[in-house]
Amino acid sequence: MDSRENTSPIRIALGVAALSVLVTCLINRPWEGVHLRDGAYYAYLAELQGRGLTPYRDVFHLQGPVLVWLGGIASWLGGRIGLTFLGASIAGLMTFAGVRLALEAHGRRGSVAELLPIALVTWGVATGWPFIGAFIVSGSRPKFLAVGLAALGVQLLCTQRRFASGVAFAVACWTWQPTAVIAAGAVTGWIVTRLLERDPDAKRNVATTLAGVFLGVFSVSVATLAALAAQGSLEAFVEQAIGSAPSQMERTFQAGATLHRIAMLLPLPVLVVGAIGLIGGVGQLASRASAALPSRARRVRAAMLGWLVAYLALLSVDFDWRGDPVPLLLPLGVFAGVVMGQLGERMSRAGGLATAGLLCVWLAGGDLLSPLQHSRLPYQQGDRIRRQAGDDTLRTAGGRGVLIFADPLLAQQVGENPKHPYVFWEPGSLITIRSSHAGGIDGFLEPLIERQYGVVSVGPRAAALLPHLVPKLEPLYVRDRTLRSRNHTWVLREP
């Protein structure tokens with residue numbers, strides 16, 4: 001091949017990342033301003049910071065602070081447009097980092113026509129799921145930013161940019177705590193492969209690399225802790241994001257159950273293409289053919305395998321939400337891209353591009369075509385939280401205020417500051433309430449109810465976690481079924 005035909009992998013990754021953001025926005029239509037489930041919470045949390053409330057200290061939050069701070073800055077600078085720009089940037093980062101790793105794992109330079117099929121298939125598996133793009137309007141989710149940063153950390157690790165790799169891994173971990181497991185798995189995979197290479201300097205290189213990574217992690221961690229202390233939220237952060245979050249993982253190791261639930265949560269095309277990529281990519285890594293690969297390609301593949309194994313082990317502890325398997329998609333996408341590259345070498349350039357294009361269409365439509373689940377694309381009516389009648393709720397409250405449990409979208413539309421810190425409800429919320437309020441959960445609920453707000457709106461999540469809330473409401477409130485809401489709405493009884 002003429003070297004003049006070679007193109008920069010960075011240009012390919014940037015181009016596909018831009019294409020992915022464009023297509024994702026066209027599918028999910030963020031300009032409509034409709035939040036998908038948990039996205040309403042992240043958007044509301046960003047808005048509350050603009051009103052002077054501080055995460056952890058004033059608003060309960062189980063995850064790391066990085067995306068919270070970025071969301072607050074984006075909302076302050078540009079409101080909904082700022083949050084959408086942040087969400088689109090994170091979606092682009094995920095795609096860019098995944099494609100960049102896939103091209104490195106491929107291990108060969110080539111023309112645009114030769115590398116583009118690899119990039120397209122990687123995108124389709126790693127970040128092409130419309131569910132991911134549905135959170136663009138909300139400024140994304142912590143695990144999505146963490147995945148993009150962790151992939152960037154792997155790229156930097158395999159190119160010997162030690163300190164920068166540590167910085168990327170650390171920011172990812174301070175965004176979403178389980179990223180520590182992903183980073184540990186990826187670094188372990190890199191270490192094993194590096195030590196197996198016939199290089200007398202391998203041990204020394206591993207030691208210096210780990211030292212550089214640690215320095216990057218340490219620097220970011222000190223800066224983050226200092227920022228939390230300056231906000232007066234360090235103690236609350238430790239209690240919520242460190243003390244309460246791990247309590248949600250209570251299951252024992254059940255690998256069979258893990259794989260079954262992954263199959264139920266992910267679209268069929270992603271499972272099929274990702275599994276083929278994993279078998280082919282890992283098979284080549286374990287075979288004699290791996291000796292012919294450039295060392296950087298082997299290291300990237302080993303790091304991705306370590307990432308995959310480590311996160312699968314974490315999922316075997318506990319998960320029950322569609323977003324939880326998302327960190328599996330990027331390593332699966334990298335391996336799928338590797339296999340696409342191998343196929344492309346046996347096909348014409350036009351054939352490779354056509355095959356990759358068809359796979360992308362199938363992957364992007366996975367929610368519609370998958371027989372393993374009954375969900376739909378996020379922009380459809382059934383999968384989105386409907387806009388609540390905020391004006392009707394305020395009118396019904398008669399100027400006495402609205403007490404909301406676990407419905408940040410309604411809280412955002414009502415426009416009032418929250419009456420308590422627990423805007424979003426998880427099992428960890430109950431642990432913090434028990435330890436932070438005299439009298440535990442009863443001591444937290446009773447003063448709120450006795451203030452006699454005009455309307456009490458109880459979201460489904462809070463209703464499930466607080467089964468004894470209804471008996472406390474019944475003496476003072478009556479159930480109102482006229483307001484159009486998926487919540488349980490209670491109106492103050494007339495004297």
Side-chain angles (χ1 to χ4, degrees), residues 6-17 93-112 114-128 147-148 150-161 165 168 182-183 185-194 196-197 270 273-311 327-346 352 356 359:
N6 291 342
T7 190
S8 168
I10 294 179
R11 292 181 181 178
I12 294 286
L14 286 173
V16 173
L93 171 65
M94 291 176 67
T95 302
F96 170 80
V99 170
R100 189 78 176 86
L101 283 174
L103 295 176
E104 288 282 7
H106 174 60
R108 297 174 181 84
R109 301 294 294 266
S111 65
V112 173
E114 291 168 330
L115 298 183
L116 188 57
I118 300 171
L120 290 175
V121 171
T122 302
W123 160 42
V125 175
T127 60
V147 166
L152 185 62
V154 172
Q155 167 68 27
L156 294 168
L157 175 70
C158 293
T159 54
Q160 293 293 289
R161 298 171 188 173
S165 175
I182 291 173
V187 172
T188 300
W190 178 87
I191 291 173
V192 171
T193 299
R194 186 70 181 93
L196 290 176
E197 295 174 0
V270 172
V273 178
I276 292 173
L278 180 62
I279 294 170
V282 175
Q284 187 185 35
L285 182 63
S287 69
R288 294 180 179 178
S290 66
L293 290 172
S295 58
R296 188 183 297 178
R298 286 197 307 272
R299 295 169 192 172
V300 169
R301 295 189 194 189
M304 287 292 97
L305 181 59
W307 172 327
L308 195 65
V309 171
Y311 192 68
L328 295 174
L329 300 183
L330 195 139
L332 289 177
V334 169
F335 287 120
V338 168
V339 172
M340 185 66 233
Q342 295 169 350
L343 291 175
E345 293 175 353
R346 296 169 174 79
L359 285 174

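Numbering starts at 1 and runs along the sequence shown. Please read all numbers here as calculations on a predicted model, not as lab measurements.
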Stepwise side-chain contact (heavy atoms from CB on, under 4.5 Å) check, Ile276 with Phe335: CA-CA 8 Å; Ile276 292 173; Phe335 287 120; over 6 Å; no

Working note: Leu120 + Leu359, criterion side-chain contact (heavy atoms from CB on, under 4.5 Å); need CA distance, chi angles, decisive distance, verdict. CA-CA 9 Å; Leu120 290 175; Leu359 285 174; over 6 Å; no

Between Trp123 and Val16, the two heavy atoms sitting closest are CB-CG1, 3.9 Å

For Thr127, check side-chain hydrogen bond (donor to acceptor under 3.5 Å, both in side chains) against everything at least two apart and list the hits. Thr95

Which heavy atom in Pro117 sits nearest to a heavy atom in Val112, and how many Å separate them? CD-O, 4.4 Å

Where do Arg108 and Glu114 land on the side-chain contact (heavy atoms from CB on, under 4.5 Å) test, with the steps shown first? CA-CA 10 Å; Arg108 297 174 181 84; Glu114 291 168 330; over 6 Å; no

Do you know which two heavy atoms are closest between Pro331 and Leu308, and how far apart they sit? CG-CD1, 3.7 Å

Mind listing the closest non-hydrogen atom pair of Ala102 and Val338 along with its distance? O-CG2, 4.5 Å

All heavy atoms of Ala105 vs all of Ala297, minimum pair found to be O-CB, 3.5 Å

Short side-chain to backbone donor-acceptor contact, Thr122 and Val334, under 3.5 Å: no

Side chain to side chain donor-acceptor pair (under 3.5 Å) contacts touching residues 335-344 (sequence neighbours left out): Gln284-Gln342

Partners meeting side chain to side chain contact (heavy atoms under 4.5 Å, CB included) with Ala151 (sequence neighbours left out): Ala97, Leu101, Trp307, Leu330

Non-hydrogen side-chain atoms of Gln155 and Ser165 separated by less than 4.5 Å: no

Taking only residues two or more places apart in sequence or in another chain, which ones pass salt bridge (Lys or Arg N to Asp or Glu O under 4.0 Å) with Arg161? none

Worked check of side-chain contact (heavy atoms from CB on, under 4.5 Å) between Ile118 and Leu115: CA-CA 5 Å; Ile118 300 171; Leu115 298 183; 4.3 Å; yes

Nearest 0.5 Å, please: how far is CD1 in Ile191 from CZ in Arg194? 11.5 Å

Quick one: salt bridge (Lys or Arg N to Asp or Glu O under 4.0 Å) pairs with a partner in residues 96-107, sequence neighbours left out? Arg100-Glu104, Glu104-Arg296

Nearest-0.5 Å distance that lies between atom CG in Leu157 and atom CZ in Arg299: 9.5 Å

Got a sec, which residues hit side chain to side chain contact (heavy atoms under 4.5 Å, CB included) with Leu93, two or more places apart in sequence or on another chain? Leu145, Leu149

Results of side chain to side chain contact (heavy atoms under 4.5 Å, CB included) for Leu152 - residues two or more places apart only: Leu156

Taking every heavy atom of Gly337 against every heavy atom of Val121, the minimum-distance pair comes out as N-CG1, 4.3 Å

Just jot down the side chain to side chain contact (heavy atoms under 4.5 Å, CB included) partners of Thr188, sequence neighbours excluded, or say none. Val192

